[in-house]
Amino acid sequence: MDQTSLAAKPLPRKVKTMNRMRVEEAIWAWAFIFPSVVGLMIFTIIPIFSTFILSAFSWDFLTPPEFIGIKNFQRLLTDTRLMTGFVVTATYVIAHVVLTALLGLILALAVTRKISNFLRSSLRAAYFFPVIVSTASVAIIWTYLYHQELGIINYYLGELGIQRIPWLNSSNWALWSVIIMSVWKSVGFNFVLFVAGLQNIPREYYEAAEIDGAGYWSQFFYITVPLLSPTVLFILIMGLIGSFQVFDAPYIMTTGGPGDATRTVGIFIYEHGLRFLRMGYASTIALVLFSIIMVLTILQFTFSKKWVVY
Amino acid sequence: MLDRSSNMRLSRRQFLAKGAALASAAALAPALAACQTPATPTATQSAAQKPTEPPKAVKLVMANWGTIPDGWKQLGAKFTEQNPNITVEFEGVQANTWSEYFDKLVTQFAAGTPPDICRVAIEGTQLFASRGLAIPLDTYINADKAALQEYFADVHVNLVNAMKYKGQQFQLPFTWNGPVIHYNTKIFQEAGIERPKDDWTIEQFLDIAKKLTKGDVYGFGLANAYWGGAIPWLFVAGTDLLNKDWTQSTANDPKTIEAIQFLQDLVIKHKVSPSPAGFNHTQAFISGKLAMIGTGGGNMRLTFINGGMKDFDILYFPKWREQTHEFGGTGFPVLKSSKNPDAAWKLTRFLITKESIAFFVNAVAQTPARRSVAYDQWVKAGDPPKNYKIYYDMLDKPSRPVPAPPEYNEIESIFLRYFSLVTNGEKTAEVAMNEAHKEISQVLAARK
């Protein structure tokens, strides 16, 4: 068969319709995602590459950037305050991720037990409500609640005969005060994920286990925990990434103080970049933070193969 | 043919696994995007140095800290009435402090979208001048010398001088603010304490604060702040955070350390002030929980009155080694990037007239830069405080501006970081101020 005859031979009608449909589908698909792609390029991809480049420059916004090679990295290695910032951030991340995961699971288990629908709905709304309120608002309110002399928390502790706690005023307490507020604020999100995870575990597994004589804890550890493991992985990864970037709560509640007690790496990046006009150094810190989060996320995925059951 | 959708169907667990991967990629991005910056810094224009004729139709953009109150808009409309070819668009820049406001303005420069003119406090005068963001106004002032004579006669020279940098005038005072002691007259009366004399002493202050501290009422409310918080106490102690020309730190000066220790003692030893962290001093003063508060009249007088607090009067900061007062103030630098500097100067001239300042300070809580307005038009008859003239008269006493070199943002940040450790009792004033001195010295040494 020669080329001419092949070209001249009409395609079956069904194939032609399919091709046109695919092209149309592709056009529509691109049309829908185009605004997002543009946004992603402008607000994420280009800034990411700019960050890599800027880390080799000294730039104060107002004068042309000056190439300084690895000086920003050298400075970072000797910046003892920044090292404290990494310790503060790591403490926050571990405490926040573990506490929100554990409390989220406990609350989800409590709500999925046999309780009235009204109570279940009320509790779900109550636990989830802080998630939808802006962090800035609740952080300001918690600042008042935490005040050492005039805060309502210390007032009630005083009624119980407990000494006033310097919640935001002491370097030993301030970070934990921020963590308590953040856990209260975000535990509802994990709670909802766990509720969804628990509801998707088929009842038959529990019925079969009961017939085999398994008690509550056996069912929990041998059925619930393994089947919730994908949800746990999702929560751990999202929690870790989000917590490493923490900025708003400590900035609003303590502006990083007292001293550097709550100054997270996110606050350092903001201060160096936008307050002290050292964009190059701020970019270097951001790059290091990015690398740490990326390595930890890869490790989580790698190790998840050993404990996550799909 | 297989149905494509069947190939793409995900199980719940596959969805969770893939979802986690996708979400983590998306969530990682902001770590880097936090450092998002415009690609290139904008070149500033030098052409604006020389006054030129404004084009026929000019739109000026003027930035101000916070939301734009109606007072501004009405002033803008009045200006356009007088100058039909110039319209003014006001741009509110949200910030918690002046330094945050300056940060945002500088970012606007970097993004290539700066305003033509902006309201800047003394804390930013040197920053804008030293970075070449604002143009000197001397040429304009000299050209309008005769017309401005009345203005300079009405505005205290200390305010005018505070807005100079290296001998050149970068702003003309519009409003200003000096911290004074506001006190609750009712609490004083109930405790049988008479109003102290103008030259009351630090010992008298402490004695009164102790007497008035009862139950949940504190004698004084110390603020964890630079302007109006710690600096006024350094001034009366005969010292400062920086030397006279703001080129060296004096944070480790024995008198500075002594003053900071005194402030720590107010909270920790004498317990006459609540812990400053997370404390709303304004609300506490209005609700009668604080007998005395150190703050400016400009920004607080109307706030107290509007909050229902009328039983208050004011005193100078008490005398220690001396009784030097701190002040800050605002004016309008014409920005170098403006394409219409002449029109921007015209707007400045309009804003500093008696009528404009009176109109503005009566609509918004600010102390007028003109003495005539402060005395005759600012405080309505019968409104507190009784001794309102002190708000302006403090400039006749020894006074100087808040220490604000070009590195103000960083110096304030360093000072407050250490001051917070003093007021919570974790560091002595000596240890904290010695460490602060090292850091402030490094920042000043890095000046190009």
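In what follows, every chain begins at residue 1, and chains take the letters A, B, ... in the order their sequences are listed.
B/Y418 does not touch chain A: none of its heavy atoms, backbone or side chain, sits under 4.5 Å away. For A/L240, no part lies under 4.5 angstrom from a heavy atom of chain B. Residue A/F247: no heavy atom, backbone or side chain, is found under 4.5 Å from chain B. The contact between B/E439 and chain A is made entirely by side chain atoms (from C-beta outward), counting heavy-atom distances below 4.5 Å. Neither the backbone nor the side chain of B/F419 comes within less than 4.5 Å of any heavy atom in chain A.
Note that CG of B/D216 is 11.0 Å distant from CD of A/E149, once rounded to the nearest 0.5 Å. Here the straight-line distance linking atom NZ of B/K289 with atom CG of A/L150 works out to 7.0 Å at 0.5 Å rounding. A distance of 9.0 Å separates CZ in A/F61 from CG in B/D103, rounded to the nearest 0.5 Å. Distance check, rounded to the nearest 0.5 Å: CG of A/L168 to CZ of B/F279 gives 14.0 Å. The distance from atom OH of A/Y144 to atom CD of B/Q283, rounded to the nearest 0.5 Å, is 7.5 Å. For the atom pair CD (B/E410) and CG (A/L277), the distance works out to 9.0 Å, reported to the nearest 0.5 Å.
Atom CH2 of B/W65 sits in a crowded spot, with more than 12 heavy atoms from other residues, nucleotides or ligands closer than 6.0 Å. Shown here is A/I152, whose CD1 atom has no more than 12 heavy atoms of other residues, nucleotides or ligands within 6.0 Å. Within a 6.0 Å sphere centred on CD of A/Q163, heavy atoms belonging to other residues, nucleotides or ligands number 12 at most. Remark: A/Y251 OH is packed, more than 12 non-hydrogen atoms of other residues, nucleotides or ligands lying under 6.0 Å away. Counting heavy-atom neighbours within 6.0 Å of A/Q300 CD, excluding the residue itself, gives a total above 12.
Between chain A and the options B/A277, B/S275, B/S420, the largest number of non-hydrogen pairs under 4.5 Å is found for B/S275. Chain A forms more heavy-atom pairs under 4.5 Å with one residue of B/V443, B/T423, B/L421 than with any other, namely B/L421. With chain B as the partner, the residue from A/M253, A/E271, A/R263 showing the most heavy-atom pairs under 4.5 Å is A/R263.
A donor-acceptor pair under 3.5 Å links the side-chain atoms of B/N424 to the main chain of A/N169, judged by distance alone. Within the 3.5 Å criterion, the main-chain N or O of B/P274 finds no donor-acceptor partner in the side chain of A/Q148.
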Hey, mind stepping through A/F276 and B/E407 against side chain to side chain contact (heavy atoms under 4.5 Å, CB included) and telling me if it holds? CA-CA 8 Å; A/F276 311 146; B/E407 301 81 4; over 6 Å; no

Check step by step if side chain to side chain contact (heavy atoms under 4.5 Å, CB included) holds for B/R131 and A/D60. CA-CA 10 Å; B/R131 299 265 181 175; A/D60 67 355; 2.6 Å; yes

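Of the N and O atoms on the side chains of B/S99 and A/R275, at least one donor lies less than 3.5 Å from an acceptor on the other residue.
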